[in-house]
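Here the structure comes first, spelled out in structure tokens, and everything after it is commentary.
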Amino acid sequence: MKDTTASMSLPDRLRQIIATLKHGLVERDEAVRLVLLAALAGEHSLLIGPPGTAKSELARRLHRVFEEAPYFERLLTRFSVPEELFGPLSISALEQDRYERQTRGFLPEASIAFIDEVFKANSAILNALLTLLNEREFDNGAGRQRCPLVSVVGATNEVPDDEVAEAFFDRFLVRLTVAPVSNEGFMDLLSLPAALKTPCIDAPLSEADRSALTKAADAVVMPAEVSELLAELRDFLSARDTAVSDRRWVKIVWLMKTAAASEGRAQVVLWDLCLLPACLASDAETQVEISDWLTTRLGVQAAFLPERVTRAVEAFEAQVMLEQRANDLDFDESGRLRFSPDVVTEDIAEGIAGAIGDAKGGAGATRMTYQRKRRYGQIHIDARTGQIDDLMQRLAAYRETLQACIASLAQFDVQALWMSRAFADAARTHLEGTGAALAQLEARLGQARRSFEALPRLDADPGTVPDPVRFD
């Protein structure tokens, strides 16, 4: 079985590993996927939530994913001392006037580590962890020790608000809020055995597997459309005073490239941006806002947002109404004003007569006016309908693009390892809703076009080209 699994493609192996990691855990699908992806990218994860939500179990399972990966686990308190994480002082080194630690079996020699209540450590420990997490090096005495650290999973109930903690918090690329299971998942939770057995990973990933993945990720292409959307998202976050360090943006791009490479793709695609909420926000509320922003933008071009197209449709509707109600002076063939019936004037006269009394029936008398409904030449009408035709053609083409985008999302979703079901459903719902909204706007445009065609026509004059209807 192990040999069979090892011969599978990397995406299939990872799919099987994810299924094994999730086994027996309720509503931890996203946490399992993102913690594993972070480890594959050589990044660290922070799980934020109350005790008893399977945070430590998740970390223990993660270390089994990697072959021959020393594991280190420690629960920190405000009384914890550096020896608990970095090892005791070496007696033999002290005898030789050297201040060094015996690190064997401790964090500096671990590949996967779980540090519970990580922010309860004192500043001396946090400062040492900063270097270890970021540079994979540990200051041991007079020298620096290279560490084999792949990934640290941290856990905390809350994130303190101080400068040291903020710098340490930034070292965790993936930050997930882990809540108790919902009411919907409660029955599944009750069916679990009291002593949950940590499953074994069949054919864990070797160092060669990780190196091959890193090499593949290095070659992954970052398309311009994805970079442009990242720039828009950065502006969106800046407007909300949500600070994201330059280092974090670089790491996010690497995480997306690793995700693409792990799924056998040569380039990042828009849907990889589903990874961003957990990387950009420190709380669940902001992560939801970022996820909503992404689902309303992925696959949707700004020029064809329903709100913008609505303005265009309303501009045409207002223009045709204006032209339907417009009047001109009515001249006869000799150039003299011609009196002609005016329904509007008659309506006004009848209203006035009704208000003041009309004993002599003045309201019924025929009245003449010198205005008539404006008439339009074919050139004018062709200009109006041509402008609508152009917009409708572009909308029809864009609706085809939307359908292609929906198909692309469905295809991506089938083989995706890291996209959550909730994100995929929200993105698809928004795309379909956008398509339906645009279809309704196209119908209104069609009605406006027919109204332009029905305008009163000049008898012989072809008319002139009007200024185009402006809606931008």
Side-chain angles (χ1 to χ4, degrees), residues 221-236 256 260 265 267-277 289-321 381-416 419 422-453 465-472:
V221 175
M222 186 76 173
E225 62 173 346
V226 178
S227 300
E228 290 167 2
L229 204 54
L230 286 176
E232 290 183 35
L233 180 55
R234 188 186 188 213
D235 292 340
F236 168 74
M256 289 194 295
R265 289 183 280 119
Q267 69 174 19
V268 171
V269 297
L270 282 174
W271 311 119
D272 287 315
L273 294 173
C274 68
L275 303 170
L276 268 60
E289 291 179 9
I290 294 173
S291 182
D292 290 344
W293 187 92
L294 286 169
T295 53
T296 57
R297 298 304 303 276
L298 293 182
V300 179
Q301 297 177 15
F304 295 100
L305 287 174
E307 298 81 6
R308 191 167 183 176
V309 177
T310 298
R311 290 198 296 272
V313 172
E314 290 176 345
F316 282 112
E317 290 174 337
Q319 183 65 35
V320 74
M321 184 179 296
I381 293 173
D382 287 345
R384 293 286 188 238
T385 56
Q387 195 178 1
I388 290 179
D389 288 343
D390 177 65
L391 180 56
M392 291 182 73
Q393 287 176 4
R394 287 191 288 139
L395 279 176
Y398 178 61
R399 286 216 296 138
E400 289 183 6
T401 303
L402 267 182
Q403 290 302 318
C405 197
I406 293 171
S408 167
L409 174 59
Q411 184 179 6
F412 181 87
D413 190 25
V414 168
Q415 61 185 14
M419 175 182 274
F423 190 94
D425 289 344
R428 184 179 59 256
T429 299
H430 182 75
L431 289 172
E432 292 173 346
T434 301
L438 292 180
Q440 293 178 351
L441 291 171
E442 281 186 79
R444 287 173 60 183
L445 271 178
Q447 179 57 49
R449 189 186 193 282
R450 289 189 289 276
S451 298
F452 278 119
E453 287 182 324
V465 178
D467 291 334
V469 176
R470 300 190 181 281
F471 45 81
D472 287 328

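The first residue in the sequence is number 1, and the count goes up from there. Small disclaimer: the values here were computed from a predicted structure and weren't measured.
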Check whether any side-chain heavy atom of D413 lies under 4.5 Å from a side-chain heavy atom of W271, and answer yes or no. no

Please step through side chain to side chain contact (heavy atoms under 4.5 Å, CB included) for the pair V309 and E442, ending with a clear verdict. CA-CA 9 Å; V309 177; E442 281 186 79; over 6 Å; no

Ring geometry between F316 and F452 (parallel below 30°, tilted from 30 to 60°, perpendicular above 60°): perpendicular

Is there a donor in the side chain of Q447 and an acceptor in the side chain of R450, or the other way round, less than 3.5 Å apart? yes

Value for CZ (F412) from CG (L270), rounded to nearest 0.5 Å, stands at 10.0 Å

Are I388 and Q393 close enough, and set up right, to give a side chain to side chain contact (heavy atoms under 4.5 Å, CB included), and what steps lead you there? CA-CA 9 Å; I388 290 179; Q393 287 176 4; over 6 Å; no

Say whether, by atom type as modelled, one donor and one acceptor occur between the side chain of T385 and the main chain of I381 under 3.5 angstrom. yes

What is the minimum heavy-atom distance between A427 and T295, and which atoms define it? N-CG2, 3.9 Å

Could you list the residues that satisfy side-chain hydrogen bond (donor to acceptor under 3.5 Å, both in side chains) with R449, not counting sequence neighbours? D389, E453

Please determine whether side chain to side chain contact (heavy atoms under 4.5 Å, CB included) holds for the pair L276 and L230, giving the CA-CA distance in whole Å, both sets of side-chain angles, and the decisive distance to 0.1 Å. CA-CA 10 Å; L276 268 60; L230 286 176; 3.4 Å; yes

When every non-hydrogen atom of A439 is compared with those of R399, the smallest separation belongs to CB-NH1, 3.6 Å

Would you sort out whether R297 and H430 count as a side chain to side chain contact (heavy atoms under 4.5 Å, CB included), showing the intermediate values? CA-CA 9 Å; R297 298 304 303 276; H430 182 75; over 6 Å; no

Minimum side-chain heavy-atom gap P277-L294 below 4.5 Å: yes

If you round to the nearest 0.5 Å, how far is CG of L445 from CD of Q387? 10.5 Å

V268 and V221, any side-chain heavy atoms less than 4.5 Å apart: no

For P306 and L441, the nearest pair of non-hydrogen atoms, with its separation, is O-CD1, 3.7 Å

How many angstroms lie between atom CZ of F236 and atom CG of L229, to the nearest 0.5 angstrom? 11.5 Å

Distance, nearest 0.5 Å, that separates CG of D390 from CG of L395: 9.5 Å

Side chains of L298 and L409: does their closest heavy-atom pair fall under 4.5 Å? no

CZ of R394 to OG1 of T401, rounded to nearest 0.5 Å, is 12.5 Å

Is atom CZ of R234 surrounded by more than 12 heavy atoms (other residues, nucleotides or ligands) closer than 6.0 Å? no

Tell me if a side-chain donor or acceptor on D272 pairs with a main-chain N or O of V269 at a distance below 3.5 Å. yes

OG1 of T310 to CG of L438: how many Å apart, nearest 0.5 Å? 8.0 Å

Shortest non-hydrogen pair, M419 vs A424, comes out as SD-CB, 3.5 Å

